[in-house]
Protein chains: 2
Amino acid sequence: MNIRQLEVLRTLLATGSTIAAAKTMGLSQSGVSRLLQQLEEDLSMSLFVRDKGRLLPTPEAQILALDAENILLAVDRMSSRAEDLRSGAAGPEIVRIGLPSSMWEHFAPAMLADYIRDFPGVRIETFFETTTSINKLVEQRVIDFGFLRMEGESGPGVEIERVATGESVCVVPKDHPLVELEEITVKNLRDVPLILIGRQRPNRMALDQSFRRAGVKQLVKIETHTNSSACSYVAHGLGVTIISSFYANLYRHLPVVYRPFVPRTTQEFGLARAVGMPLSIAAHALSDAFKRQVEISQKDQ
Amino acid sequence: MNIRQLEVLRTLLATGSTIAAAKTMGLSQSGVSRLLQQLEEDLSMSLFVRDKGRLLPTPEAQILALDAENILLAVDRMSSRAEDLRSGAAGPEIVRIGLPSSMWEHFAPAMLADYIRDFPGVRIETFFETTTSINKLVEQRVIDFGFLRMEGESGPGVEIERVATGESVCVVPKDHPLVELEEITVKNLRDVPLILIGRQRPNRMALDQSFRRAGVKQLVKIETHTNSSACSYVAHGLGVTIISSFYANLYRHLPVVYRPFVPRTTQEFGLARAVGMPLSIAAHALSDAFKRQVEISQKDQ
DNA sequence: CGCAATATTATGCGATTTCGTCATAACACT
DNA sequence: AGTGTTATGACGAAATCGCATAATATTGCG
């Protein structure tokens with residue numbers, strides 16, 4: 001097996017023909033054809049069926065292409081890391097950080113503004129991803145560290161330092177009748193339009209469980225995948241949502257308020273980084289800036 | 001960059017010398033040395049310092065080795081996935097096949113017994129249906145492929161590979177007077193109780209036509225809808241039936257014999273599958289098993 | 001100390017294999 | 001006939017790999 005062959009597989013699947021693949025890969029059609037044949041021989045299985053002169057990918061090819069993509073990504077990472085190392089001493093230092101998608105709007109800009117005051121020369125790369133993606137990115141050392149919800153099941157090569165906690169709260173529009181309540185229970189949400197996040201995440205499952213146990217049917221109006229969008233929907237009166245107070249605190253500028261949600265549950269959030277890989281000074285400083293920003297966002301009620 | 005080179009990096013870091021690395025990798029010392037030089041050239045950085053004739057890894061090498069390990073792991077994953085795919089053992093792969101109802105009793109079990117010997121991990125779903133239903137199931141991609149009588153009018157998205165032929169035969173009980181005849185004509189069937197199949201199928205219409213043309217009135221005792229039940233009725237002396245020799249061959253264990261029926265007509269049977277949708281390896285293997293079974297059932301007279 | 005023995009990596013050489021292109025064949029579709 | 005596709009034979013360029021051997025360092029021994 002061969003990196004070149006994997007590239008052919010990917011490109012062929014993307015373009016659909018050897019000619020187009022050859023064009024995008026910058027080699028001849030016959031070259032592509034040969035590379036493909038080699039790969040098929042190496043794996044001793046046929047990846048495409050030749051049908052009326054066309055190449056049709058087999059289901060196996062589609063599956064293997066996912067693995068191939070993984071390999072190619074890893075190769076890219078290694079190349080770019082080599083690049084970094086080569087120019088390392090001379091070039092601009094770079095810090096890579098993973099954040100939940102919800103933070104792109106206010107949190108990240110504020111943190112970076114704080115940071116670059118002290119480290120104007122450092123280049124920063126931000127990845128906005130989900131908890132699981134960030135975990136993976138840390139494990140593969142694509143990013144120096146990442147912020148994520150602690151859910152127990154983090155990879156073996158990852159260690160997490162807790163930096164924040166939160167409890168489940170119900171976010172409602174500022175002028176919503178529910179604002180009157182001291183705390184909001186499942187029963188209070190009967191027939192209230194809900195905006196829910198992250199189908200099939202463990203947190204969401206627990207929430208579904210609570211509704212079932214209380215015999216309340218969820219009136220799910222919207223499903224979304226970021227805390228920020230959920231709060232934004234709430235602000236526009238589209239319904240109410242249930243998120244962690246940690247995130248709710250990030251959106252205090254919106255015309256929404258939150259109340260504790262019972263049954264109470266707590267969440268922990270932490271900074272994850274690869275074990276056995278000390279942070280660079282610049283990265284360490286960025287993690288400090290991150291913690292300061294958390295402090296600010298959570299402190300003044 | 002090259003997978004082989006990465007293996008060298010890993011092994012070299014693990015063993016500490018080109019000779020030991022060569023031994024564990026199964027190639028010559030010079031080969032290892034060369035591979036290492038290539039990698040260093042590709043990355044345009046030196047991974048080892050040559051100190052007093054020994055190779056000492058640079059910190060960069062250690063860092064990059066982690067990435068290399070990632071790549072090699074991904075490669076291994078892909079290889080083993082290919083292995084699984086090849087043997088059809090990957091996950092709960094499922095193959096769906098459509099068969100004529102007549103085959104449920106002996107043919108399908110024998111075929112599957114043959115198949116699962118080689119593909120124990122594959123789940124199989126069988127649909128016993130009529131030719132037209134199977135056609136539809138193939139067209140809608142509910143099933144991977146199906147066996148059916150070729151009647152000319154198959155859907156546009158369906159292509160059929162002929163795998164068997166048959167001719168009309170008259171199936172009679174073993175001790176029936178008609179057994180004496182070399183072949184059986186319409187006239188021989190005057191006043192003989194008939195067991196017929198599939199009202200309103202084109203084949204049946206042609207048969208009715210023959211009787212009308214010969215001026216023979218059919219003495220239809222039983223109408224049924226599967227070849228197997230028709231033969232079973234014959235075996236119990238309830239009458240004679242006219243089916244394709246292909247099916248008659250499947251019921252040779254019954255106390256019945258068959259004779260060519262004139263006017264002679266031939267039938268073709270084939271495997272239908274959706275065009276533009278290659279079969280998975282597991283599905284392909286099942287179609288092979290099917291053909292083998294057809295071979296067996298039709299061969300020894 | 002001198003010197004051979006034994007490590008190590010590097011390299012010239014040559015046979016073999018692979019890589020990639022060109023030209024062209026073979027086929028299907030329009 | 002014209003266009004689009006994949007496959008393949010021929011061929012030169014390049015890479016692969018083992019062998020033998022060079023260059024160097026370490027070690028052991030008298």
Side-chain angles (χ1 to χ4, degrees), chain A residues 1-58 60-61 65 68 72 75, chain B residues 1-58 60-61 65 68 72 75 156-161 273-278:
Chain A
M1 198 165 44
N2 203 328
I3 295 178
R4 222 59 215 288
Q5 296 166 3
L6 300 183
E7 287 175 333
V8 163
L9 175 61
R10 164 168 69 180
T11 316
L12 217 36
L13 236 27
T15 62
S17 89
T18 57
I19 292 181
K23 208 168 295 176
T24 72
M25 288 187 62
L27 45 97
S28 71
Q29 178 270 327
S30 52
V32 172
S33 182
R34 284 235 158 73
L35 247 8
L36 174 60
Q37 287 176 40
Q38 286 172 12
L39 181 58
E40 290 186 316
E41 182 152 357
D42 285 357
L43 299 175
S44 41
M45 66 192 303
S46 72
L47 270 6
F48 291 78
V49 298
R50 281 64 177 172
D51 180 59
K52 305 187 201 305
R54 302 301 172 97
L55 291 178
L56 292 179
T58 62
E60 285 84 4
L72 293 175
V75 169
Chain B
M1 198 164 43
N2 200 330
I3 295 179
R4 217 61 213 279
Q5 296 166 3
L6 300 183
E7 287 175 333
V8 163
L9 175 60
R10 164 168 69 180
T11 316
L12 218 36
L13 236 27
T15 63
S17 89
T18 58
I19 292 180
K23 208 166 294 177
T24 73
M25 288 186 63
L27 44 98
S28 70
Q29 177 272 326
S30 57
V32 172
S33 181
R34 284 233 161 71
L35 248 5
L36 174 60
Q37 287 176 43
Q38 286 173 14
L39 180 59
E40 291 186 316
E41 182 153 354
D42 285 357
L43 299 176
S44 39
M45 65 194 302
S46 71
L47 269 5
F48 291 79
V49 297
R50 280 64 176 171
D51 178 58
K52 306 186 205 302
R54 300 303 171 98
L55 292 178
L56 289 182
T58 62
E60 287 84 2
L72 293 175
V75 169
V158 177
E159 76 183 3
I160 304 184
E161 171 198 6
R273 53 192 204 75
V275 306
M277 211 166 80

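In the text below, chain A, chain B and the rest are named by the order of the sequence lines, each starting its count at 1.
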Study note, to complete from the structure: Atom CE of A:M1 and atom P of C:dT18 are separated, to the nearest Å, by 16 Å

Review point. To the nearest Å, how far apart are B:L47 CG and C:dA10 C1'?
Key: 17 Å

Point to revise | Summary of protein contacts for nucleotides 11-18 of chain D, nucleotide by nucleotide, where a base hit scores B, a sugar-phosphate-only hit scores S (4.0 Å, heavy atoms) | key: -----SSB

Point to revise | A:I3 vs A:L72 side-chain heavy atoms within contact, under 4.5 Å | key: yes

Check your understanding: If you look at every heavy atom in A:F48 and A:L55, which pair is closest and at what distance?
Key -> CD2-CB, 3.8 Å

Practice item. Grab the CG-P distance between A:L56 and D:dT5 for me, whole Å please. Key: 14 Å

Check your understanding: For B:A21 and B:L12, which heavy atoms make the closest approach, and how far apart are they?
Key -> CB-CD1, 3.7 Å

Practice item. Output yes when at least one side-chain N/O atom of A:S33 is less than 4.0 Å from OP1 or OP2 of D:dT6, else no. Key: no

**Study point:** Non-hydrogen side-chain atoms of B:L39 and B:N2 separated by less than 4.5 Å
**Key:** no

Revision key, fill the gap. Exactly one candidate in B:Q38, B:R34, B:E40, B:E41 meets side chain to side chain donor-acceptor pair (under 3.5 Å) with B:Q5; the answer is B:Q38

Practice item. Just call it for B:I19: base, sugar-phosphate, or nothing, with non-hydrogen atoms closer than 4.0 Å on any strand. Key: base

Review point. In whole Å, what is the span from the CD atom of A:E40 to the P atom of D:dT8?
Key: 11 Å

Practice item. Take atom CD1 of A:I3 and atom C1' of C:dC19, then tell me their distance rounded to the nearest Å. Key: 16 Å

Study note, to complete from the structure: Here the distance between atom P of C:dT18 and atom CD of A:Q37, to the nearest Å, is 14 Å

Review point. Do the side chains of B:E7 and B:V75 get nearer than 4.5 Å, heavy atoms only?
Key: no

